[in-house]
Amino acid sequence: VVVGSTIVDMYSKCGDLKLAREAFDKMPDHDIVSWGAMISGYVEHGDYHSALELFAKLLHENVRPNKVVFACVLKACASIGSIGQARWIHNYIMRSDTELDKMVGSTLVDMYARCGFLNEASKVFALMSERDVVSWNAIIGGYIQHGNGSNALMLYFNMQRGHLKPDRVTFLGVLKACGILGASWQGKVIHDHILRHGSDPDVSVGSALVDMYAKCGNLQEAHTVFNKLPDQNVVSWGALISGYAQLGYHNMVGQCLENMTQQGLSPNAIIYINILASCSHAGHVKDSRKYFKSMVISHSVTLSPEHFNCMIDVLGRAGCLYEAVKFLRSMPMQAD
RNA sequence: CGGAAGUUAAUUGUGC
């Protein structure tokens with residue numbers, strides 16, 4: 001059974017769920033770990049329905065799920081917004097005398113938040129028997145997903161008072177909260193916390209800092225932080241470019257694109273959305289045509305409705321209605 | 001303590 005579970009886990013970590021399921025079905029006996037390995041494999045690869053189906057089968061065979069299995073299926077429910085099944089599972093957990101430990105509790109918090117029930121998320125958070133940094137991150141993240149930056153920041157400062165050490169995920173969250181609020185003062189405080197935290201510099205946290213400063217309107221600081229990043233990737237460039245685009249610095253957007261390309265990084269779909277949006281704000285019809293063309297010939301970007309929206313917008317404003325309609329008709333997807 | 005587990009950075013446009 002142990003070997004079987006290991007094989008199931010190995011196949012699913014390699015991304016071959018079919019082989020994993022075959023191995024699972026061939027096992028003479030299943031213990032709870034093998035069920036867990038298979039269910040978590042489905043969840044990890046986004047096959048939430050299969051995960052829930054297998055969970056139903058587990059219940060049908062009168063196997064007692066454990067905390068790991070609960071966490072996996074709750075995550076599946078959260079991902080497809082299946083609040084009904086999630087509530088049923090929550091209920092089952094309560095009936096089965098499973099304690100709301102940090103793992104099951106955090107998953108419930110995250111699930112309720114994703115399904116839009118923040119009251120219940122914070123209720124579960126308050127009831128949990130233990131809370132670790134992931135639990136705090138889950139509730140903070142929940143408020144952020146719903147645009148409530150101030151509650152997220154309040155929770156962060158409560159967490160500090162509880163002497164619980166934040167981690168990089170916490171920082172990613174609260175920096176986003178500052179960006180939402182335009183709270184540059186709190187942002188600087190958190191920047192300071194990050195520097196004192198004593199962890200290795202991290203590109204993700206660095207990009208979140210760039211984004212935070214940009215969203216607070218402080219492009220100078222954003223660029224300074226950007227220059228100090230250990231390495232610059234497409235996302236960190238994206239944060240910077242989006243900042244320049246939103247604040248109307250059209251030529252800086254072009255400049256960034258050039259520098260980025262010189263670094264050997266090719267712009268992705270999101271970068272192009274920002275660039276085209278910048279053309280649209282600046283009313284640069286020619287630039288927008290130029291960039292759209294280079295995007296198409298690069299063949300490395302999947303065109304999305306956003307790209308077309310930007311083009312149609314900039315052309316429409318410039319009075320090039322005929323060309324705008326041409327773009328509208330040439331959309332490879334359904335126009336809304 | 002030979003096997004499974006929770007939170008994770010950049011995202012367009014119209015009108016009030």
Would you classify A:V314 as touching base, sugar-phosphate or nothing, given that sugar-phosphate means primed atoms plus P, OP1 and OP2, and contacts are heavy atoms under 4.0 Å?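 No contact.
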Under 4.0 angstrom, heavy atoms only, what part of the nucleic acid is A:D132 near: base, sugar-phosphate, or nothing?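 Contact class for A:D132: base.
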One character per nucleotide, please: for nucleotides 7-12 of chain B, 5' to 3', B when the base has a protein heavy atom closer than 4.0 Å, S when only the sugar-phosphate does, - otherwise. BBBBBB
Rounded distance in Å - [atom1] ([X]) to [atom2] ([N]):
{"X": "A:H30", "N": "B:A4", "atom1": "NE2", "atom2": "C1'", "result": "13 Å"}
{"X": "A:N66", "N": "B:G6", "atom1": "CG", "atom2": "P", "result": "13 Å"}
{"X": "A:E130", "N": "B:G6", "atom1": "CD", "atom2": "P", "result": "16 Å"}

Using a cut-off of strictly less than 4.0 Å, decide whether A:R317 has a side-chain nitrogen or oxygen near OP1 or OP2 of B:U14.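 Yes, within the criterion.
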List the residues meeting side chain to side chain donor-acceptor pair (under 3.5 Å) with A:H146, not counting sequence neighbours, and say none if there are none.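 By the side chain to side chain donor-acceptor pair (under 3.5 Å) rule, A:H146 matches no residue at all.
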Please step through side chain to side chain contact (heavy atoms under 4.5 Å, CB included) for the pair A:L58 and A:E61, ending with a clear verdict. CA-CA 5 Å; A:L58 171 154; A:E61 297 187 10; over 6 Å; no
Ion pair A:E323/A:R289, N-O distance below 4.0 Å: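 A salt bridge links A:E323 with A:R289.
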Does the pair A:E221/A:K188 count as a salt bridge with the N-to-O cut at 4.0 Å?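 Answer for the salt bridge query: no.
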Can you check side chain to side chain contact (heavy atoms under 4.5 Å, CB included) on A:F125 and A:W136, steps first, answer last? CA-CA 8 Å; A:F125 183 76; A:W136 284 89; 3.7 Å; yes
Looking at A:F117, I'd like to know if its CZ atom is crowded, meaning that more than 12 non-hydrogen atoms belonging to other residues, nucleotides or ligands lie closer than 6.0 Å.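 Yes, CZ of A:F117 has more than 12 neighbouring heavy atoms, counting only those of other groups under 6.0 Å.
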Would you sort out whether A:V109 and A:S135 count as a side chain to side chain contact (heavy atoms under 4.5 Å, CB included), showing the intermediate values? CA-CA 8 Å; A:V109 168; A:S135 332; over 6 Å; no
Please assess A:L276 against A:F292 for the test side chain to side chain contact (heavy atoms under 4.5 Å, CB included), listing each intermediate value before the final yes or no. CA-CA 8 Å; A:L276 294 174; A:F292 193 90; 4.2 Å; yes
Using a 3.5 Å limit on both distances, find every run of at least three consecutive Watson-Crick or G-U pairs that involves RNA chain B.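 In RNA chain B, stems of three or more pairs: none.
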